[in-house]
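Written below as structure tokens is the structure these notes are about.
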2 protein chains.
Amino acid sequence: MTPAENKRLKTVSKSRLLQELQKSVPGKILLDSNEAMRPFECDGLSVYRKLPLLVALPEDTNQVRDILRTCSRLGVPVVTRGAGTGLSGGALPIESGLLLVLTRLNRILAIDPLNRTARLQPGVRNLAISEATAMHGLYYAPDPSSQIACSIGGNVAENSGGVHCLKYGLTVHNVLEVRLLTIEGEELILGGESLDSPGFDLLAVVNGSEGMLGVITEVVVRLLPIPETAQVVLAGFDSVGRAAATVGAIIGAGIIPAGLEMMDRMSVEAVEAFISPGYPREAEAVLLCELDGGKAEVAEQMEAVMAILNDQGATSVSVSANEAERLRLWQGRKNAFPAVGRIRPDYYCMDGTIPRRELPRVLADISAASQRCGLPVANVFHAGDGNLHPLILYDANREGELDQAERLGAEILRMCIEAGGTVTGEHGVGMEKIDSMCEQFTSAELDQFHALKKAFDPPGLLNPGKAVPTLHRCAELGAMHVHGGRLPFPELPRF
Amino acid sequence: MTPAENKRLKTVSKSRLLQELQKSVPGKILLDSNEAMRPFECDGLSVYRKLPLLVALPEDTNQVRDILRTCSRLGVPVVTRGAGTGLSGGALPIESGLLLVLTRLNRILAIDPLNRTARLQPGVRNLAISEATAMHGLYYAPDPSSQIACSIGGNVAENSGGVHCLKYGLTVHNVLEVRLLTIEGEELILGGESLDSPGFDLLAVVNGSEGMLGVITEVVVRLLPIPETAQVVLAGFDSVGRAAATVGAIIGAGIIPAGLEMMDRMSVEAVEAFISPGYPREAEAVLLCELDGGKAEVAEQMEAVMAILNDQGATSVSVSANEAERLRLWQGRKNAFPAVGRIRPDYYCMDGTIPRRELPRVLADISAASQRCGLPVANVFHAGDGNLHPLILYDANREGELDQAERLGAEILRMCIEAGGTVTGEHGVGMEKIDSMCEQFTSAELDQFHALKKAFDPPGLLNPGKAVPTLHRCAELGAMHVHGGRLPFPELPRF
């Protein structure tokens, strides 16, 4: 929030809030000392840090409801947090508000193997779903890199992706039902276990809403059968453009790989220096393409992919012959971020999405911008989705390099918008990209977001200042055209 | 609308509206005589008929914008209509309003074979998309039965399904971008050609919003490669329960057929008497299961399906050996509705959805209810989705039978809700099911729908009286629990 926005929030003292909350929930679930609250001062985007007024760690849904009712009565803002692995600062506390941490709501309530669904509390870890359902031959497909730690409630709030989302969809495509508490503590059941649901699709709105519409208390996810087999091919290319064009050729041929990842020369060199997974060091770019399904299906698709790689002039090709080789080929990709982190002391991981056909051009533009500004950029990303993760390398101890890195990041996001893409693929907007939203959307569109927010949270108490910028903020940045100095939405909701 | 709701709308005379519209759009696109407007008095649910004040047939987006601006300024309600094939009365005109017909906006604006997308005006017919893209080996997957006539704008408004939606998803899963004009004529671009989009998922909200949020002026759809091969198997069973259990077993085994349809004995007898497609007359139920994809993949999955059919005790099994046989096996299903229509003069086609695991029980309950009320019910439906289409047979000329059919229909929808399902699978709510919505949703949930509607259309001028009942309406029906006589939403928006 800007200071002006912050001022508009009522201020309730810590002791008053504590006293009021203790009327309905046990004191042991509330943390009020700075020491106890310190672990919650940031999420995965640790450049932003703030202590909230109080932290609450409820143990059941009734406590969540009681906390929301109290905060809503007192006008205290509420920021909801899951495992705190988010990369855009969506769970950054606000000083005058309560941080509602849902990690203790971590029970798997039901698994229905025949219907292939699981009913979960929001704090259940992403990987724990697949672990619990493996005995039925089932798994939960969306797999963000943080899957060992991140929780399903946070996945819904951020509409998380992962390597597998190219074939199996984002979180929104794998969630059937969400139970949501409004800021007033009213329960809404959105979606359900049957295919379609009448009325407006509020379930989809909640996916990716970054804690601004309500508090998720239960999630029903779709489970998929574990594929019979999976095989990966690693291909080297003598140019980034050729690798990018090959991505289009594979998808254009009607093959949807389980994963289709790309790494450029800098990333390949970094992983070879780090763990030597045997990637082709002479290549300008490599593609990793995984196929999964029945044995015959995988064999048939692998044949088609090999023909395309050949047509597109791949300079080297290796196919995994067994599960151990498959895992080895993935090692380089999985260790790419820490490997790149060894080149310079710091890196800034960007996240933007573009239409696949624009990959060759935008990658060339990023490379040119990197040369102009003097900071190297490594590219390791979900190529099949057009979801870029340029890593801008810098040294925070060198005067001005952090600023330079942030300016280059903003420029890359602008390229994504201009190519018909978006300023985030899977990391959300949170605090980090709120200003880029002014460039992505027109005032009419931002207006519509505000109206929707207001329809769920009229007092604007849920996660204020995140995800959707006020029109004033955009106007101050000069990023949005304002007719005759008049903002189209005179009475601003205060988030 | 109830008469009370209707009264709340301002009344503008036909001549005034005509005069005001002619200031910005050519007179030739406006119809005002009862004769000229007669073809537009109903959609596919022809039991409801009404003439609007005026009909407008705009030829481009600018005219749509000018019409909306005029109506919004005068406070005239607007009902948008595509091809008029809807089955729930969503495009029923209202007497004091304008009917906005978008059939002339029927241009395919762009086809991008590499990115596999098509940009369409809203009046483009569903089948025309696949016809235009076939030369690139691509097609548009969602295939409502009306696909020869229905338009993509209407498909988005109703979130249409079809036989293929089990494998390829509903309309919402195949639409990448929608351009929408608000009632004030402001353009919103929702979604885009890249994978995810920041901000709230307004694109999903518009899918299935039944013309209540805005007017669709452009749609970008995802295209799929035409499958290399498709094969269908027809299996007979000695009980409906066994056929229903087989549906669960196929899906539970991780096979997602391109179509998985079920017909009961009454339907089978009707089609055999009508066109003799060679279905097993002794069976209590038949399943049609279509597999598509690469040759090896289809062969592998067919083997698995045959094993399941055997395990589940299918009494007869035939597999299509070529494309001609595949089409012949589908003949019975495709002609089932007209065939059943020969048993009694009238039928009422219901549309409800239940979780697949509930199929055996709910089908038995429908059969028991049919016997209690004395009206036969034939079942022909998308079994894989749990999307039921019970056809209630009656004779409108027999005193009381229409009423009885409607009561039985409402009872069937109640069964769907109680089984954890919904009151509509793919036909929408429109006029037809507005009262069933009071049973499906709590007042908090309906409240949320109203708040969302108001966020898009503050004056409530778009398709008033459809899709979402007012809380007053529900309270009058006694279907919703109202605390202490006080409605939770004192100031009702007027739709």
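Only this structure's heavy atoms are used, side chains among them; waters, hydrogens and symmetry mates stay out. Letters A, B, ... mirror the listed sequences (proteins, then strands); counts begin at 1.
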**Asked** So which heavy atom on B:V205 is nearest to which on A:D201, and how close?
**Response** CG2-O, 4.1 Å
[atom1] of [X] to [atom2] of [Y]: how many Å apart, nearest 0.5 Å?
X	Y	atom1	atom2	result
B:L188	A:T442	CG	OG1	7.0 Å
A:E358	B:E193	CD	CD	9.0 Å
A:Q448	B:E186	CD	CD	9.5 Å
B:L452	A:L213	CG	CG	10.0 Å
A:L190	B:F441	CG	CZ	9.0 Å
A:F200	B:K453	CZ	NZ	6.5 Å

**Message:** Quick check for you: among A:P355, A:G248, A:A249, A:G428, which has the greatest number of heavy-atom pairs under 4.5 Å with chain B?
**Reply:** A:P355
**Asked** Quick one: of A:K295, A:E187, A:H173, who has the most non-hydrogen atom pairs under 4.5 Å with chain B?
**Response** A:K295
**Asked** What part of A:R116 lies closer than 4.5 angstrom to a heavy atom of chain B: side chain, backbone, both or neither?
**Response** side chain
**Per-residue contact mode, A:N387 against chain B (heavy atom under 4.5 angstrom)** = neither
Contact winner vs chain A - [options], heavy-atom pairs under 4.5 Å:
options	result
B:G192, B:A467, B:G294	B:G294
B:I251, B:V206, B:V423, B:V298	B:I251
B:A296, B:G252, B:A299	B:A296
B:G199, B:A455, B:G420, B:P198	B:P198
B:L176, B:L202, B:L224, B:V172	B:L202

**Side-chain heavy atoms of B:E228 within contact of A:E300, under 4.5 Å** = yes
**Contacting moiety of B:R357, where chain A heavy atoms sit under 4.5 Å** = both
**Request:** Check each atom of B:L138 against the heavy atoms of chain A and say whether the ones under 4.5 Å are side chain, backbone, both or neither.
**Result:** neither
**Asked** Taking non-hydrogen atoms and a cut-off under 4.5 angstrom, which of residues 163-171 of chain B neighbour chain A?
**Response** B:C165, B:L170
**Message:** Donor-acceptor pair, distance only, cut-off 3.5 Å: does the side chain of B:E445 make one with the backbone of A:I189?
**Reply:** yes
